[in-house]
Amino acid sequence: MTTQEKLNASVMGTYERFPVVIDHGAGEFCTDETGKSYIDFGSGIGTSSLGYCNAAWADAVCKQVHTLQHTSNLYYTKVQADFAARLCAVTGYQNVFFCNSGAEANECAIKLARKYSFDKYGKGRHKILTLENSFHGRTLCTLSATGQDVFHNYFFPFVKGFDFVKANDIADLNAKLDDTVCAVMLEYIQGEGGVNALEQDFVDAIYAVCAEKDILVIADEVQTGVGRTGTFLAGQQFYHHADVTTLAKGIAGGLPMGACLANEKCAGVLDKGSHGSTFGGNPVCCVGGLAVLETVTADGFLDAVREKVVYLREKLKRLSGVASVSGLGLMIGIGLTDKTAGDVANAALEEGLLVLTAKEKVRLLPPLTITEAEIDRGVEILEKVLSRK
């Protein structure tokens, strides 16, 4: 029985997998069990932010595994304290709740927003506005918060207390911001929704009206955070600092980690017993997170990322078959003129390049550590695939 057959027989069929078995990786390359090598422009859907098995990251994680792999949050650990303090200092937040994924981080943010409003205003002010075409996770609650009908099937009834605003429509925002709303939840770039950035005027309007009405702003930076867009948080490029920000994906270099960050106004809302996570803040994951932070915040690192952003985007725009290049930083959506994103992804795989899709676009989330030479190699494969008749 092959690896693919064994997995398909034993694992629930919830994923549409590419027909390749990844065996090992180093840097921006991985190798399948036949020995074929691939350059990875997807980085595990943005999780392997430093590429495969970054040396400093791997050394830190291995040392921690041999020291203390887990203890519950009934006790303190130095590594969790160090990671929390460093993450709050880097992001400008007061405190953080650690969990295991982006969906869990968003669940925490939803609970925090509703409790903030309940504590201050009582019952009835619990609605959270999200945006049409958004994606916030696959738990029942975060699916309810997701503004895409394609995900709203089978699992009825959904969690109540959500409504959807048309992205970049200020009039629709104002019409729905009534006295039942406690928070607005947004992605600065809608990743799963097609790698589309919000307009600055719309973001400004959200923050202005929410500040006036004491409505919290939750920034879902699960995919955009930790340097992905060229700044540590995408919100920095929109000149706003949300009351609550959620992170995951690239935060721990490929280990399961999510974080819900709260500003001073929200820092004390979730008190003892109001939320929890058995594995949240796991020592091994925290060490991985510290290694990522040390790398991404080092002098010149994000400057280099921004230079690579310009280099890659300019090369992509010149390719035949490319209709548009959307997104921000190293979070890229490629609109196509005459091919489907799925066909391009499969053809690229055959040629030794891993890419993703987002609706009708090819999506790129290369490691932040990618070099210009590696960019050249990946773009050459894309050019070959796109020019094929």
Check: [Y] main-chain N/O paired with [X] side-chain donor or acceptor under 3.5 Å:
X	Y	value
S134	G147	yes
E383	L319	no
S326	V195	yes
S387	K384	yes
S48	G44	no
S43	I45	no
H136	G102	no
K111	S274	yes
K127	C182	no
N95	A267	yes

Mind checking whether [X] and [Y] have side chains closer than 4.5 Å, heavy atoms only?
X	Y	answer
I334	L364	yes
F29	E374	yes
Y38	V20	yes
R228	L365	yes
V284	V79	no
T246	C108	no
L68	T77	yes
D40	E28	no

Write down the atom of [X], the atom of [Y], and the distance for their closest heavy-atom approach.
X	Y	answer
L330	P367	CD1-O, 4.1 Å
V11	R17	CG1-NH2, 3.9 Å
G253	W57	O-CZ2, 3.7 Å
G250	V292	O-CG1, 3.7 Å

State, without any angle test, whether [X] and [Y] hold a side-chain donor-acceptor pair at a distance under 3.5 Å.
X	Y	result
E107	T139	yes
Q69	N282	no
Q200	D204	yes

Would you compute the distance between atom [atom1] of [X] and atom [atom2] of [Y] and round it to the nearest 0.5 angstrom?
X	Y	atom1	atom2	result
D243	C210	CG	SG	8.0 Å
C285	Q64	SG	CD	10.0 Å
D220	T130	CG	OG1	10.0 Å
K359	K361	NZ	NZ	10.0 Å
H152	S144	NE2	OG	6.5 Å
L216	C266	CG	SG	4.5 Å

Count I, L, V, M, F, W, Y as connected when their side-chain heavy atoms are under 4.5 Å apart, and connections chain through other members. Are [X] and [Y] then in the same cluster?
X	Y	value
I206	L328	yes
I39	V309	yes
L353	F18	no
L261	Y116	no
F118	V181	no

Presence of salt bridge, [Y] and [X], under 4.0 angstrom:
X	Y	answer
R86	D82	no
K63	D59	no
D214	K265	yes
D32	K36	no

Would you please classify the geometry between the [Y] ring and the [X] ring as parallel, tilted or perpendicular, with 30° and 60° separating the classes?
X	Y	answer
Y93	H241	parallel
F238	Y188	parallel
F83	F98	parallel

Going by side-chain contact (heavy atoms from CB on, under 4.5 Å), [X] matches just one of [options]. Which one?
X	options	value
I332	L356, V362, V325	V325
H126	K160, R114, K115	R114
Y311	D376, V379, L316	D376

Item to check | Pair R138-F151, side chain to side chain contact (heavy atoms under 4.5 Å, CB included): steps then yes or no | outcome: CA-CA 9 Å; R138 293 183 182 273; F151 296 108; 3.7 Å; yes
Using a cut-off of 6.0 Å, state whether more than 12 heavy atoms not belonging to [X] lie near its atom [atom1].
X	atom1	answer
E264	CD	no
E350	CD	no
R313	CZ	yes
K166	NZ	no

Next on the checklist: For F156 and F158: C-alpha separation, side-chain torsions, deciding distance, then whether ring pair (Phe, Tyr, Trp, His ring centres under 6.0 Å) applies.
Outcome noted: CA-CA 5 Å; F156 307 104; F158 284 96; 5.3 Å; yes
Item to check | CA sep, side-chain torsions, deciding dist, call: N133, E192, side chain to side chain contact (heavy atoms under 4.5 Å, CB included) | outcome: CA-CA 8 Å; N133 211 39; E192 304 298 326; over 6 Å; no
Item to check | Verdict with reasoning, E351 to R388, per salt bridge (Lys or Arg N to Asp or Glu O under 4.0 Å) | outcome: CA-CA 12 Å; E351 298 293 336; R388 189 177 295 160; 2.9 Å; yes
Next on the checklist: With side chain to side chain contact (heavy atoms under 4.5 Å, CB included) as the criterion, how do F279 and H70 come out once you've worked through the C-alpha distance, each side chain's angles and the decisive distance to 0.1 Å?
Outcome noted: CA-CA 8 Å; F279 292 104; H70 183 71; 4.0 Å; yes
Next on the checklist: Name the residue from Q236, Q237, E221, Q223 that meets the side-chain hydrogen bond (donor to acceptor under 3.5 Å, both in side chains) definition with T229.
Outcome noted: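 Among the candidates, only Q237 passes.
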Item to check | Step-by-step side chain to side chain contact (heavy atoms under 4.5 Å, CB included) determination, T369 to F301 | outcome: CA-CA 9 Å; T369 49; F301 184 88; 4.1 Å; yes
